[in-house]
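Everything numeric in this text was worked out from a predicted model, so none of it was measured. Each ligand, and each atom within it, is numbered from 1 in the order the structure gives.
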Amino acid sequence: MKKYLVMALMMAIGCTAIAQQPVKLPAPNPLKASKMSLMEALQKRKSVREYSSKEISLQTLSTLLWTACGYNRPDEKRITAPSAINAQDITLYVCMKNGAYCYNPDENQLDFVSAEDLRPAVAGRQDFAKQAPICIVLVSDLNKFRSPRAEFGAMDAGFVSENICLACTALGLATVPRASMEKETLTKAFGLNENQVLMLNNPVGWPK
Ligand SMILES: Cc1cc2nc3c(=O)[nH]c(=O)nc-3n(C[C@H](O)[C@H](O)[C@H](O)COP(=O)(O)O)c2cc1C
């Protein structure tokens, strides 16, 4: 527990040397954290484009990332979101004030990607998005299909993004799925190759 608190503090004060190490996440706790049933979440889900500046804890982030595409059948290495031919092609990039990280569900940790605040690039022309403490960017690795199939990647991203939308509602968080973002800037900053395609993003924050 102490380790997570130290890491959260380091990230909050922008201690880059430490934050460049992988950030271990607390175990997700979806059943404990959820404030409502799936049916209620479906009733209440909506796109929200205004967020408070309150930070999101690593515990809540861990739970949210798990709902998106974490292992729900760890023995079979299967995840919460379905994917074409079980390619599990969607990787989540988590952009925050003090840098960008890649969600690594195998280790339940965030792997360092960039020390830059990439939220403005995720926001593009929609300023509201950079006010969110966290912007999750969904990237499909088309190399995971037998031959690159952009439509499979787009469909798989839709499932993951909907998981995020419903989980946010259930956790009391606010989000909106977005296709707009500065793709060229993010492709470079994340170090993506031509078959790793930016599909969608979800800015996430507490409602204002
Ligand atoms: C594939 C997709 C792309 C979207 N892109 C954006 C976007 O770039 N910016 C934005 O503000 N909303 C975006 N939205 C959100 C839609 O505008 C929103 O879902 C729609 O107006 C319905 O509202 P609701 O989500 O509250 O039901 C997108 C939604 C989807 C499914």
Side-chain angles (χ1 to χ4, degrees), residues 34-54 56 60-61 63-70 79-85 87-97 100 103 116-142 144-145 148-190 192 194-208:
S34 173
K35 294 188 183 347
M36 61 184 76
S37 69
L38 172 63
M39 295 304 149
E40 200 180 341
L42 282 163
Q43 259 179 343
K44 294 197 168 144
R45 185 218 59 84
K46 62 180 179 185
S47 292
V48 181
R49 298 179 177 83
E50 252 194 319
Y51 316 102
S52 93
S53 55
K54 185 180 157 194
I56 294 171
T60 300
L61 179 59
T63 300
L64 181 62
L65 296 173
W66 175 84
T67 66
C69 54
I79 62 173
T80 54
S83 60
I85 64 158
Q88 301 182 11
D89 52 302
I90 304 297
T91 298
L92 305 180
Y93 288 79
V94 182
C95 302
M96 301 180 273
K97 186 171 57 186
Y103 175 49
E116 225 184 306
D117 181 359
L118 294 168
R119 292 174 304 166
V122 179
R125 290 189 204 154
Q126 291 190 297
D127 273 353
F128 74 83
K130 66 183 177 206
Q131 308 304 334
I134 288 169
C135 289
I136 303 175
V137 181
L138 284 58
V139 173
S140 170
D141 185 351
L142 303 184
K144 292 201 173 168
F145 301 113
R149 297 282 296 268
E151 73 275 28
F152 283 171
M155 290 181 225
D156 292 349
F159 284 106
V160 172
S161 183
E162 178 69 344
N163 281 4
I164 294 173
C165 292
L166 288 170
C168 279
T169 307
L171 293 167
L173 291 162
T175 193
V176 53
R178 298 177 62 241
S180 41
M181 56 189 136
E182 287 174 14
K183 291 194 171 175
E184 213 177 311
T185 309
L186 292 172
T187 297
K188 273 195 204 137
F190 293 162
L192 305 179
E194 60 180 3
N195 282 327
Q196 290 173 307
V197 181
L198 292 149
M199 291 291 178
L200 283 170
N201 64 78
N202 280 78
V204 178
W206 296 106
K208 222 169 185 173

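- The shortest N or O to N or O distance between A179 and ligand 1 is under 3.5 Å.
- Residue K46 has no nitrogen or oxygen atom sitting less than 3.5 Å from a nitrogen or oxygen atom of ligand 1, judged on distance alone.
- Given atom 27 (O) of ligand 1, the protein heavy atom at minimum distance is R45 NH2, 2.8 Å.
- With ligand atoms numbered from 1 in the order given, ligand 1 contributes 12 (N), 15 (C) to contacts under 4.0 Å with heavy atoms of V176.
- For atom 16 (C) of ligand 1, the protein comes within 4.0 Å by at least one heavy atom.
- Distance screen at 4.0 Å: atom 29 (C) of ligand 1 has a protein heavy-atom neighbour inside the cut-off.
- Each of V160, L65, T175, N201 was evaluated against I136; a single residue qualifies, L65, per the side chain to side chain contact (heavy atoms under 4.5 Å, CB included) test.
- With hydrogens left out, the protein atom closest to atom 23 (O) of ligand 1 is S47 OG, 3.9 Å, a heavy atom.
- Within 6.0 Å of the CZ atom in F159, the count of heavy atoms belonging to other residues, nucleotides or ligands does not exceed 12.
- The closest protein non-hydrogen atom to atom 13 (C) of ligand 1 is P177 O, 3.1 Å.
- The number of heavy atoms from other shown groups lying within 6.0 Å of CD (E50) does not exceed 12.
- A distance-only check finds a donor-acceptor pair linking the side chain of R119 to the backbone of A132 [under 3.5 Å].
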